[in-house]
A.B. asks: 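Would you mind keeping the following structure in view while I ask a few things?
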Amino acid sequence: MHLHGPLFPIPYDRTMRGRSVDKNAPRKPLTAFMMFMKERRSNSESLASLPFGERNRILGAEWSQMSKEQKQVYSSRAAEERAKYNVLLAEYKSSESYKTWLASNEGYVKNPKRKKGVQPEAERDSRESNFRVSIFTTEFLQYNRLREVVLRQLKKQAIQLEEETALLSKHVENLVHAETRTKTQLQSCSEQLANEEQIQKRLYRELVAALAEVSLPCSGGTSDSISTGTEHITETSVQSFFTQLEQLKEDQKHPELIIKAQELLETAISKKIIKLVSL
DNA sequence: CCACCTTTGAAGTAC
DNA sequence: GTACTTCAAAGGTGG
C-alpha cells in the first residue's frame, strides 16, 4: 500500500529540500505504470477525455487488476529505459555542467517547494559542506555509488529474467512431453502399418499359390484387338487380377473360370493354405 | 507561469 | 529495513 503523505508532521527534513532542480540533468525514465498510462491514454479517446483525477484512478485500478505477466511487457521496457537513463546519468555526472550545478548547491541555497501540510522548518547546513573532503574521494564515492545502483538494477533484472526463464522452461517441458507422446503414437502406428503390410504380403503370396492354375484371357490395351494371350496371378498383380475376375463375373463371361477360382479358394482356405486373419 | 489534482513505482534520504 | 518524499505523464484550473 502506497502512502500519500506523512501521517503527522515530520520533525526533520528527510528530503533533498533546499537543493535546486538541475535542469541539465537527464529526465527520469518512465516507470512501468507510467508507460502503461501513456499507452492507454493514447489508444483510448474516452479515457483521454476524462477528467485528470478520475482517469488516473481508473488506470490505477486497471493496473492493480493486471497479472504479473501482463505487467511484464511494461516492466521490461521500463527496465531498459532505466538502464539507458543510468548510463546518461553517469555521463552527466562526470560532465562539467554537473560539477557547476553541484557547486551552486553547496549548502542548500534555494528555498524549497513544499507540499501542503508540510510545516516550514529552519534550513540546515549541508552535511557535505561540513566536511572538507578531497575532490578525488568525493568522485570516488560517487563512482562507487553509481556502480552499486547499476549492480542493484542488474540483480533485479536477473531475477525478472529468471522468472521469465522458469515460465518458458515450463512451456518447453510441456512441448517435450507432447512430442514424446506423438512420437510414441507414431511408433505404434508405424508398427501396426508394418504388421499390416506383412499380413497383406503373406496373403498375396498365399493367393498366388492357390490361384496359380487360373489363367485369365488377356483383354489387351484396346477393345478392337482381341488378344489371345493369357494372364496369371502374381504377387504384384493380385488387385488387378481380382478386378478382372470381378469384371468377368459381371459380364457373365467364362463362368468356368469363376467357378474354378472359387473352388480353388475354398479348398485353399479349408486346407489352411490361405490363413485369414480377423481384423 | 506554475502549483495543484491523481495514479504507481523507482530511487533518494534519514533514522 | 522502515518511513517518507520526489519525480516521472497527462491537461485543465486558479492564484
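Convention: sequence-line order gives letters A, B, ...; per-chain numbering from 1. Quick caveat: nothing in here was measured; it's all calculated off a predicted structure. Below, each value reflects all heavy atoms present in this structure, side chains not excepted, and no hydrogens, waters or symmetry copies.
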A.B. asks: Grab the CD-P distance between A:Gln65 and B:dT7 for me, whole Å please.
C.D. replies: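 Rounded to the whole Å, the gap is 16 Å.
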
A.B. asks: A:Glu39 CD to C:dA8 P: how many Å, rounded?
C.D. replies: 22 Å

A.B. asks: Give the rounded distance in Å between these two atoms: CZ of A:Arg40 and C1' of B:dT7.
C.D. replies: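 My rounded result for the distance is 14 Å.
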
A.B. asks: The side chain of A:Arg57 is closest to which nucleotide in this list: B:dG9, B:dA11, B:dT7?
C.D. replies: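 Side chain of A:Arg57 sits closest to B:dT7.
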
A.B. asks: Under the 3.5 angstrom rule, does the side chain of A:Ser237 hit a backbone N or O of A:Ser240 as a donor-acceptor pair?
C.D. replies: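 No, the answer is negative, given that no donor and acceptor are paired below the 3.5 Å cut-off.
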
A.B. asks: Testing the basics here: between A:Pro217 and A:Leu248, what is the closest heavy-atom pair and its distance to 0.1 Å?
C.D. replies: CD-CD1, 4.4 Å

A.B. asks: Using whole Å, report how far NZ of A:Lys84 lies from C1' of C:dA8.
C.D. replies: 16 Å

A.B. asks: Counting only N and O atoms by type, is there a donor-acceptor contact under 3.5 Å from the side chain of A:Ser44 to the main-chain atoms of A:Arg41?
C.D. replies: no

A.B. asks: What integer distance in Å separates A:Phe36:CZ from B:dT6:C1'?
C.D. replies: 15 Å

A.B. asks: Detail all sub-3.5 Å separations between protein N/O atoms and N/O atoms belonging to nucleotides 9-13 of chain C.
C.D. replies:
residue: C:dA9; atom: OP2; partner: A:Arg27; partner atom: NH2; Å: 2.3
residue: C:dA10; atom: O4'; partner: A:Arg41; partner atom: NE; Å: 3.4
residue: C:dA10; atom: O4'; partner: A:Arg41; partner atom: NH2; Å: 3.4

A.B. asks: Considering residues at least two apart in sequence or located in another chain, which fulfil the ring pair (Phe, Tyr, Trp, His ring centres under 6.0 Å) criterion with A:Phe33?
C.D. replies: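 For A:Phe33 the ring pair (Phe, Tyr, Trp, His ring centres under 6.0 Å) partners, ignoring immediate neighbours, are A:Trp63.
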
A.B. asks: Scan residues 229-274 of chain A for pairs that pass ring-ring contact (aromatic ring centres under 6.0 Å, His included), counting only residues two or more places apart or in two chains.
C.D. replies: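 Counting only pairs at least two positions apart or across chains, no ring-ring contact (aromatic ring centres under 6.0 Å, His included) contact touches residues 229-274 of chain A.
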
A.B. asks: Between A:Glu54 and A:Lys71, which has a closest nucleotide on DNA chain B that is more 5'?
C.D. replies: A:Glu54

A.B. asks: May I ask you to decide if A:Leu30's main-chain N or O and A:Glu81's side chain share a donor-acceptor pair within less than 3.5 Å?
C.D. replies: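 No, because the side chain of A:Glu81 does not come within donor-acceptor range (under 3.5 Å) of the backbone of A:Leu30.
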
A.B. asks: Tell me the interatomic distance from A:Glu81, atom CD, to B:dA11, atom C1', rounded to whole angstroms.
C.D. replies: 17 Å

A.B. asks: Can you name the side-chain contact (heavy atoms from CB on, under 4.5 Å) partners of A:Arg77, sequence neighbours left out?
C.D. replies: A:Met35, A:Glu39, A:Tyr74

A.B. asks: Could you walk me through whether A:Gln200 and A:Glu196 pass the side chain to side chain donor-acceptor pair (under 3.5 Å) check?
C.D. replies: CA-CA 6 Å; A:Gln200 194 193 42; A:Glu196 283 304 317; over 6 Å; no

A.B. asks: Return one dot-bracket line describing DNA chain B 5' to 3' (Watson-Crick or G-U wobble pairs, both distances under 3.5 Å; ( ) same strand, [ ] crossing, | another strand, . none).
C.D. replies: |||||||||||||||

A.B. asks: In whole Å, I'd like the distance from the CE atom of A:Met35 to the C1' atom of B:dA10.
C.D. replies: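 After rounding, the gap between these two atoms is 12 Å.
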
A.B. asks: For A:Phe52, which residues count as a ring pair (Phe, Tyr, Trp, His ring centres under 6.0 Å) partner, sequence neighbours excluded?
C.D. replies: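 A:Phe52: no ring pair (Phe, Tyr, Trp, His ring centres under 6.0 Å) contacts found.
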
